[in-house]
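Take a look at the structure below.
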Amino acid sequence: MTCQVGTSAFVDSSEREIKIVGVSWKSVFTVDEKEREKNVAETYEGLQFLENEIKEKKFFGGEELGLVDITAVYVAYWIPLVQEIAGLELLTTEKFPNLYRWTQEFVNHPIVKESLPPRDPVFAFFKGRYEGLLASK
């Protein structure tokens, strides 16, 4: 596994990925609708940046899984999970076709697949937290 992306590109991508983590998480676990809409818009902005970076490449660094891909695990594994929990459409094949394709390549890569937590218990845990949040409204 090699990192084929320059340091400045890696830092910029990583900073944007960190922002995506925060705002997409808030999109789900925010009760206030105005705040949720703002967070969804910021999530789209970050995802668009990554869509433009991945282009037609298999992985961010090219044909091989690299460090930028690994740092983007949240985008590939967690965003689909949280958007399903909340009924949001954050990362879809229509809005972000290249990034969506990358998520499928990434989560199905043998090394990644064996490293990710099992989806069902994680989904059940966060679905319960989400439903608890809605019940407290």
Side-chain angles (χ1 to χ4, degrees):
M1 191 166 30
T2 61
C3 181
Q4 300 173 358
V5 177
T7 304
S8 63
F10 170 74
V11 170
D12 193 35
S13 292
S14 295
E15 288 173 358
R16 290 195 189 253
E17 289 162 17
I18 290 168
K19 184 174 181 177
I20 293 168
V21 169
V23 295
S24 63
W25 197 257
K26 287 179 190 176
S27 297
V28 175
F29 293 101
T30 299
V31 178
D32 180 80
E33 283 300 316
K34 278 186 137 178
E35 186 69 20
R36 177 177 280 192
E37 288 174 15
K38 177 183 165 254
N39 292 326
V40 167
E42 287 184 41
T43 300
Y44 286 155
E45 183 181 310
L47 293 174
Q48 187 60 58
F49 171 82
L50 295 175
E51 173 76 10
N52 295 341
E53 288 295 311
I54 192 73
K55 299 178 184 155
E56 298 292 323
K57 298 179 286 192
K58 184 174 182 178
F59 296 107
F60 282 96
E63 288 299 308
E64 298 293 322
L65 183 65
L67 190 56
V68 174
D69 301 289
I70 293 167
T71 63
V73 68
Y74 180 83
V75 174
Y77 180 79
W78 291 96
I79 286 183
L81 189 103
V82 298
Q83 75 180 6
E84 185 178 339
I85 288 169
L88 297 172
E89 290 190 2
L90 300 172
L91 176 59
T92 65
T93 189
E94 295 80 26
K95 290 179 186 169
F96 305 105
N98 296 323
L99 191 59
Y100 184 85
R101 176 193 37 75
W102 168 81
T103 66
Q104 300 309 297
E105 290 281 346
F106 181 76
V107 297
N108 289 305
H109 189 283
I111 293 172
V112 174
K113 205 172 195 174
E114 74 181 42
S115 301
L116 291 173
R119 186 182 189 283
D120 291 343
V122 172
F123 182 87
F125 175 79
F126 286 107
K127 180 74 171 176
R129 289 197 60 199
Y130 178 72
E131 289 171 350
L133 177 68
L134 291 180
S136 70
K137 269 173 84 170

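Just so it is clear, the values below take in all heavy atoms, side chains as well, and ignore hydrogens, waters and symmetry mates.
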Criterion side chain to side chain contact (heavy atoms under 4.5 Å, CB included) against Phe60, the qualifying member of Ile70, Thr71, Leu50: Leu50
Residues which pass ring pair (Phe, Tyr, Trp, His ring centres under 6.0 Å) with Phe106, listed by chain and number, not counting sequence neighbours: Trp102
CD/Glu89: more than 12 non-hydrogen atoms of other groups inside 6.0 Å: no
Greater than 12 external heavy atoms within 6.0 Å of Tyr77's OH: yes
Heavy-atom side-chain proximity of [X] to [Y] below 4.5 angstrom:
X: Tyr74; Y: Ile79; answer: yes
X: Leu81; Y: Trp78; answer: yes
X: Thr43; Y: Leu88; answer: no

How long is the gap from [atom1] on [X] to [atom2] on [Y], to the nearest 0.5 Å?
X: Lys58; Y: His109; atom1: NZ; atom2: NE2; answer: 7.0 Å
X: Thr92; Y: Leu47; atom1: OG1; atom2: CG; answer: 9.5 Å
X: Lys95; Y: Gln48; atom1: NZ; atom2: CD; answer: 11.5 Å
X: Glu51; Y: Glu53; atom1: CD; atom2: CD; answer: 11.0 Å

[X] side chain vs [Y] backbone, donor-acceptor pair below 3.5 Å:
X: Arg101; Y: Thr93; answer: no
X: Asn52; Y: Phe49; answer: no
X: Gln83; Y: Leu91; answer: yes

For the student: nearest non-hydrogen atoms of Phe123 and Ile85, plus distance: CE1-CG1, 3.4 Å
Nearest atoms (heavy-atom pairs only) where Pro117 meets Val122: CB-CG2, 4.0 Å
